Amino acid sequence: AQSVTQLGSHVSVSEGALVLLRCNYSSSVPPYLFWYVQYPNQGLQLLLKYTSAATLVKGINDFEAEFKKSETSFHLTKPSAHMSDAAEYFCAVSPGFQKLVFGTGTRLLVSP
Amino acid sequence: NAGVMQNPRHLVRRRGQEARLRCSPMKGHSHVYWYRQLPEEGLKFMVYLQKENIIDESGMPKERFSAEFPKEGPSILRIQQVVRGDSAAYFCASSPPGQGPTTDTQYFGPGTRLTVL
């Protein structure tokens with residue numbers, strides 16, 4: 001069965017610092033991988049998705065993620081954090097047939 | 001172009017009552033998914049529907065929960081005889097008609113937060 005593990009339920013960075021949110025996946029077939037962001041009391045917004053076209057995926061708001069098959073990882077990065085990036089981030093894998101399996105989420109805290 | 005609409009945004013029910021959650025997909029989208037988010041947890045898949053068909057209900061509890069997506073109108077997630085453990089945020093997502101078993105982008109609504117007293 002497909003699953004994702006997000007290391008660190010909370011990550012704190014200073015404004016302007018590098019953001020790194022970790023995601024490792026388990027999949028018996030080539031996976032589709034996603035990062036979503038959730039702001040307080042809102043739905044999920046897609047940041048980026050990997051569908052095997054390119055291993056480095058660029059998303060909205062300068063976020064990007066790199067698919068590394070050898071490490072079964074899909075970590076999310078952003079070169080410089082903004083206060084507005086404070087939110088909950090979810091990694092998800094698709095086992096196919098239109099179903100998403102989510103990780104438990106990482107709350108990003110950005111301090112001035 | 002309106003996004004995925006869910007109502008109500010907040011719903012309070014007493015134990016034993018019924019809860020009805022509605023989801024209107026984005027225009028042109030014929031696939032609807034329901035997910036549940038328990039406090040401090042990620043989203044868990046419940047059910048995937050197309051118009052008038054349940055495609056995958058592997059995440060639905062066996063009892064008290066049902067979902068439909070009629071030919072006309074919104075998708076409905078119905079919870080009968082609610083219990084305190086049903087308190088959660090319920091999210092609906094939609095996607096356009098797909099092309100085989102690949103996953104199209106799912107667009108999420110703002111969610112319905114159900115509180116059972």
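Since this is a predicted model, take the numbers as computed values, not measurements. Lettering of chains follows the sequences in order, A, B, ..., and the numbering in each one begins at 1.
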Interface residues of residues 102-112 of chain A facing chain B - heavy atom cut-off under 4.5 Å:
A:Phe102, A:Gly103, A:Thr104
Considering non-hydrogen atoms only, spot the tightest contact between [X] and [Y] and give its length.
{"X": "B:Phe91", "Y": "A:Gln38", "result": "CZ-NE2, 3.2 Å"}
{"X": "A:Tyr36", "Y": "B:Gln106", "result": "OH-O, 3.1 Å"}
{"X": "A:Lys99", "Y": "B:Tyr35", "result": "C-OH, 4.3 Å"}

Under 6.0 Å from the [atom1] atom of [X], do we count more than 12 heavy atoms belonging to anything else shown?
{"X": "B:Arg15", "atom1": "CZ", "result": "no"}
{"X": "B:Lys51", "atom1": "NZ", "result": "yes"}
{"X": "B:Gln50", "atom1": "CD", "result": "yes"}

In one Ile/Leu/Val/Met/Phe/Trp/Tyr side-chain cluster, 4.5 Å: [X], [Y]:
{"X": "B:Ile54", "Y": "B:Met46", "value": "yes"}
{"X": "B:Ile76", "Y": "B:Phe69", "value": "no"}
{"X": "A:Ile60", "Y": "A:Phe90", "value": "no"}
{"X": "B:Val47", "Y": "B:Ile55", "value": "no"}
{"X": "A:Leu76", "Y": "A:Val93", "value": "yes"}

Interchain contact, A:Leu46 with chain B, by part (heavy-atom threshold 4.5 Å):
side chain
Okay, B:Gln6 and chain A: the region with an atom under 4.5 Å from a heavy atom over there is neither
How about residues 107-117 of chain B versus chain A: which residues have heavy atoms under 4.5 Å apart?
B:Phe108, B:Gly109, B:Pro110, B:Arg113
Which residues pass the side chain to side chain donor-acceptor pair (under 3.5 Å) test with A:Trp35, not counting sequence neighbours?
none
Any A:Leu100 side-chain heavy atom under 4.5 Å of B:Tyr33 side chain:
no
Apart from B:Met5 itself, residues in the same hydrophobic cluster as defined by side-chain heavy atoms under 4.5 Å
none
